[in-house]
There are 2 protein chains.
Amino acid sequence: MSHSYAYARPALAADVVLFGAAEDELEVLLIERGGAPFLGCPALPGGFVRVDEDLEAAVRRELAEEAGVSPGWLQQLQTFGRVDRDPRERVVTVAYWGLVRRVDHRPVAGTDARSARWHRLDSLPALAFDHREIVDVALRRLQVRIRYEPVGFELLPEEFPLSRLQGLYETILRRPLDKRNFRRKVLALDILAEVGRKEEGVAWRPAQLFRFDRERYQQALEKGVLFDL
Amino acid sequence: MSHSYAYARPALAADVVLFGAAEDELEVLLIERGGAPFLGCPALPGGFVRVDEDLEAAVRRELAEEAGVSPGWLQQLQTFGRVDRDPRERVVTVAYWGLVRRVDHRPVAGTDARSARWHRLDSLPALAFDHREIVDVALRRLQVRIRYEPVGFELLPEEFPLSRLQGLYETILRRPLDKRNFRRKVLALDILAEVGRKEEGVAWRPAQLFRFDRERYQQALEKGVLFDL
DNA sequence: CCAAAAGTGTTTATGATACACCCATGT
DNA sequence: ACATGGGTGTATCATAAACACTTTTGG
């Protein structure tokens, strides 16, 4: 196989900002670095991309190896390539961001040696490399995206009351929303299906449960109704 | 310097979709490939990223070398990494998109051996690699971005009549806009400065010339007025 | 005086926002 | 009975969209 130039090549990595939703705050999955540099420092899951592996596949592999999780939603975020972002050598990283239902992935035991843990976004520790910057970009992306694509559901349990959905939006957008207006808008989209059951085990009036209905969402798209919250 | 793994590494390239505005249609800058594969085939300007060079710097260098142009606006688009996108070997490319004032770069003589030429977007030839896909993604990005960021001005001469600006939006968005509504909205943003001179050499009533006023735009941003056309 | 584009307001419809009370349930 | 979140409707305001004629200039 011919090489187009003989000089040293930048190394190519892929990292991922995986978001999960705790009751009242967003969380990010971090691993603890098992090697130099930044030994023991929290960092984003990720690693080098293999020659025969697609970028997204690399991210999914790393997530499985390092934390045993599989995101329900995953998309490219941005590529970070500052020359000095890795003190060892030139490493360009293709960052992804993903969403996962925390409830499906209870303990997140790292199958790898490195320990993976959820960290609240409002009290992140110092991160390795430029990973803090990557998290910030991912958060901004989430804040924009959640308003015009139905991605928030990937953070919630399959069935949820509307107030939980509203709480999620308030957490992500960091501002209070009006209950009546929120309900009206969400229901008008006609992309939720009433489950027909109610919350259980709460000490007050139990709420109706809903689930996101992909089929209806597709129909709404075709009708030109666009998601906008 | 230690390497984190000994296996073959993907190669890293950077390519750019550079848009220019002709009178009535968008154009894209393409070079003709000087080597295998796709010899002689039109392709996006770009090349391999050097180890000691930032991604954006690589793009600017390639644009200067291959086409002698310097974009007024340049931003990362997306990274394309399908395993088989280059038949020779694994090449991951960080794609950028840029805007340039055609009038500032008259002939675009390739200082490099390869010939660079502007091609109308409505009649693109077949492109090398997955470059057509990259162009499509860039166009969609431009169509979205131009509505809420004042980037269109980078495609126009420094001074322009409002009808030219409207024509540009119509070309990019591919739909007609109402003259009165467009003018009202643009002027309400308060980011244009009247030059005080009029068009010359036209065979009809000459229009007032305007220019984009970056300072006013910053002030508008701080006041919370957001660009939206 | 003709051709061609420049320039200018008002009306209507639609969607966004603000706002307060009663209901159902568990303890 | 009481505490707690669940659930509901209306009035107002702001923004977007539709729409046609007069003006200015060069030829």
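The chains referred to below are lettered A, B, ... by the order of the sequence lines, with proteins before strands, and numbering in each begins at 1.
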Rounding to a whole Å, what distance do you find between A/N181:CG and C/dC19:P?
11 Å
Roughly how far, to the nearest 0.5 Å, is CZ of A/R211 from CD of A/E194?
11.0 Å
Measure CG/B/L165 against P/C/dG7 and give the value in whole Å, please.
13 Å
What do you reckon, are the aromatic ring centroids of B/F160 and B/F212 less than 6.0 Å apart?
no
Applying the side-chain contact (heavy atoms from CB on, under 4.5 Å) test to A/L155, which of A/L26, A/L165, A/T171 qualifies?
A/L26
Do B/R180 and C/dT10 share a donor-acceptor pair, side chain to base, under 3.5 Å?
no
Integer-rounded Å distance: C/dT8 C1' and B/F182 CZ
16 Å
On the nucleotide C/dA5, are OP1 or OP2 found under 4.0 Å from the side-chain N or O atoms that B/S163 carries?
no
Are any of B/R183's side-chain N or O atoms less than 4.0 Å away from OP1 or OP2 of C/dG7?
yes
Check against side-chain hydrogen bond (donor to acceptor under 3.5 Å, both in side chains), B/E170 and B/Q166:
CA-CA 6 Å; B/E170 291 176 328; B/Q166 181 178 340; 3.2 Å; yes
Check the phosphate of D/dT25 against B/K198, side-chain N and O only, distance under 4.0 Å to OP1 or OP2. Yes or no?
yes
Name the residue closer to the 5' end of DNA chain D, choosing between A/R205 and A/D178 according to the nucleotide with the nearest heavy atom.
A/R205
Side chain B/Q78, main chain B/V94, donor-acceptor under 3.5 Å
no
Measure the distance from CD on B/E199 to P on C/dA4 and round it to the nearest whole Å.
16 Å
Whole angstrom value for the distance that separates C1' of C/dA6 from CZ of B/R164:
16 Å
How do B/P161 and A/A203 order along DNA chain C: which one's closest nucleotide is nearer the 5' end?
B/P161
Which part of the nucleic acid, if any, lies within reach of A/Q208 when heavy atoms closer than 4.0 Å are counted: base, sugar-phosphate only, or nothing?
sugar-phosphate
For B/E200 and C/dA5, what is the distance between atoms CD and C1' respectively, to the nearest whole Å?
17 Å
Judged by nearest nucleotide, the residue sitting upstream toward the 5' end of DNA chain D, A/P206 or B/W204, is A/P206
